[in-house]
Structure formats: structure tokens, C-alpha cells
Amino acid sequence: MYSVADIDVDICGATKCRLCTQFCPESNTILYDSVRGTAYVAVDRCKGCEICVGICDDLAKHEAIKMLPIDKVVDGFEICKVGFKESLVEAK
Amino acid sequence: MSLETIKVSPGFEKYLPKEYQDLVDDGPFVKQRKVSEMGSFKEAIEEHPMCAGCAMTLFIRLTYVALPSLENSVIVGTAGCGRLAISQGAVPFIYGNYGDTNAVASGLKRGLDIRFPNQEKDVVVMAGDGGLADIGFHAVMHSWFRNEKFTTIMLDNEVYGNTGGQESGMTQKGTVMKMAPLGKKGEKMDMIALAKTSGVAYIARVAPTNPTRVANTIRKAVLIAREVGPTYIQAYTSCNIEYAIPTPLVMDDAREVEADRYGFTEYFTDEAKSYWDNTGRKIKGTVKK
């Protein structure tokens, strides 16, 4: 079992800070939903390093990202299935 | 090159992977993207097998965003961790033999200038500390002495991470590694000073603690290399495996090392400074000749 980052879209959407998208080592893993103004995670790309959690908690001080076991993720976005989309609404 | 070159012929879209189509529709080609837009466009690097939380991966990701003309760039690398991600980028990557990266890049840059006299082609060498400071050292130094116009980026993780943790010339003195159990005897090589001595036009030392600064530094180095001469960036990209850094603390480590001994510094020759202040700084977006 491994964990992936899970972003609370309500907290994140209120801030629009985008720091986690810039510090994630993996490309196109933390994406940004331009419609709702929130970051979201491609669960199939996330390697679970938790760098984004540190960035959100310590640097941005928003505490919007938590690690979640992969089997607890509900309706996670998988970029390998739908490809890149500019918003999560479009992706689903 | 225009976007037309990479567009899929009508009717053939469904036969190509959607990753390719995403690059055509929302990719970083032709119009340069900014660090602040990351997450809102399809990036040039695809999925790759580098370790979770690797700072080198972050640096490489930022490099692909920062290159001023991605479709006119060629990256030269060699054996080492970095090539695992660089080889998954949508930019030509030449996997040189160990030791010859800068020699290959010299010939390539000269060849591209002859073949495409009306276009700017950027050659960027991106390899590890072992590939550039140890095994490729002679080629690096001679490309600088010859004033070859390309950028050399050292991904300095201060160890041979890919082969189990041998000390490199860039390892700190006294560091005990898995394959250097008595600790390193010599000092860390001062490549910045060597670059200054060799007449490198623009030199920067950077840690990936500030993505915008990393991207600006790379863009600056590539633009100066086009017009003035060789440029060199030395980037601290910790190896969290060999240095046993828990992945959530990778950025904390980068900040500590940056504060301690890897602070951001940049150095221009007079000619490079004059070019950057008068011309380079004013160039916006993707640069086409």
C-alpha cells in the first residue's frame, strides 16, 4: 500500500497560490483547474514523496494537502486515461 | 520551426498517443510558458522512473519550462540519474558516451549553425557531477577554453547516485558514502572558480528552492550562450537515496544547504553583462531569429 497526495479543493480553491504545482518534482502530476481555481492530483503519476505537503503546510501555510492511501482515494483523476485537461470538470 | 511541423495530419489523430496530441494542443512549444503557469499546460516531460522526491527531477522539470525555444533545443547528456527523466522529454536528447558530452555538444552546435544559419538552435548539456567534473572534465574545460556557444548545466548531487554511492569530485570533504566508507579525503572541486578561469561568459550556482529563479537563471544562461560564449550553471540537486534524506524533507535540506554553502551566485563577464543589460533582458517570450 502506498499513499498519494490528496488536495482539499475547498481550502485550495480559496487561496489560488499554485505553489505545489511549481515544487512537485513530477511533471503534470499536480495540475491546476483553471475553472475552479484549485490544484488537483493525477493519482497515477503521484509517487508519494510528500514534498507538496511540506510546501503547502510550511511555505504557503494553507494545510490543504494530506497523504491518503491509494485505496481510499475516491474518484481520483488519472491522467493516463484521459490525458491533459485544463480543468477537472472537462476531465471527468 | 512552427507548430505546423508537429501537428498531426488530419484523420490520423486517433492513431497517435494522446500524450502527443496534448503536446500539440496544450504544450510548451512555440509560445514559452512561465513557471507560474505550471500545472496549466502539458509539460514536455512524460512519466519517468526517477525516484520519488528527487530534487534533480524538479530541476529538470523546471529546465524544460525555462528553455526559451523548446522546439529549437537539443539536450546532450550522459550516463547518470538525470538521463532517466531527460530521455522522456519531447526534446531531442543525445545520450553521449561518458566523458564526451561537451565534445559532442561542441560539434553539434557548430553543425547546427552551418545547417540552420537563419535559426537559433540551442544546445544544452545537462549531466551530473560525475559526468562533467570527473569523467567528462577534460571535454568540459576544453569546450570552455574554445569559447563554444552552448550552456553546460551540472546536476550536482555530490555523489554517483546511479551506481550505489561512490564519491565524486564534487562530494564534500569527509563525507562517508556507501562506496566510500572511510570518507572522502579531498576537497569538493571548485568548478565555479575553474569556469571563471576558463573565461565562461555567465556562471551561476543555484539550488531548487525558488522555481522562478531557477527558470530565470536557465533562460539567461541559454540566451547569453547564443550570443556571447559558454555558460555554466551548477545546481544543487540532492540525492535523497544516497544521502538518506526522507522525501518530505528534501526541500528543507535544499534550503539548509543553500543557506550554508550553496547560496545563489551569478557571475558575468563584461561582455555578457553588457549583452544582458542592453539586449537579453528585454527579450520576451519565445525567441526566434
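So that the names make sense, note that chain A is the first sequence line, chain B the second, and so on, each numbered from 1.
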- Query: Between Val35(B), Asp25(B), Val65(B), which residue shows the highest count of heavy-atom pairs closer than 4.5 Å to chain A?
  - Reply: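 Among Val35(B), Asp25(B), Val65(B), the one with the most close pairs to chain A is Val35(B).
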Answer whether the closest heavy-atom distance between the side chains of [X] and [Y] falls below 4.5 Å.
X	Y	result
Tyr243(B)	Asp253(B)	no
Cys49(A)	Lys47(A)	no
Val53(A)	Lys66(A)	no

Heavy-atom cut-off 4.5 Å, strictly under: side chain, backbone, both or neither for [X] against chain A?
X	result
Lys42(B)	both
Glu46(B)	both
Pro17(B)	neither
Leu62(B)	side chain

- Contacting region of Cys52(A) [heavy-atom separation from chain B under 4.5 Å]: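 Contact with chain B: none, neither part.
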- Would you mind checking which part of Leu19(A) comes under 4.5 Å of any heavy atom in chain B, side chain (CB onward), backbone (N, CA, C, O), both or neither?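 Contact with chain B: none, neither part.
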- Message: Under a plain distance cut-off of 3.5 Å, with no hydrogens placed, do Tyr262(B) and Asp156(B) share a side-chain donor-acceptor pair?
- Response: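 Yes - a donor-acceptor pair under 3.5 Å links their side chains.
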- Task: Measure the acute angle between the ring planes of Phe77(A) and Tyr40(A), then classify it against the limits of 30° and 60° as parallel, tilted or perpendicular.
- Result: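 Aromatic pair Phe77(A)/Tyr40(A) classed perpendicular.
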- Message: Between the side chains of Arg45(A) and Glu43(B), is the shortest nitrogen-to-carboxylate-oxygen separation below 4.0 Å, so that they form an ion pair?
- Response: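 Result for this pair is no, no salt bridge flagged.
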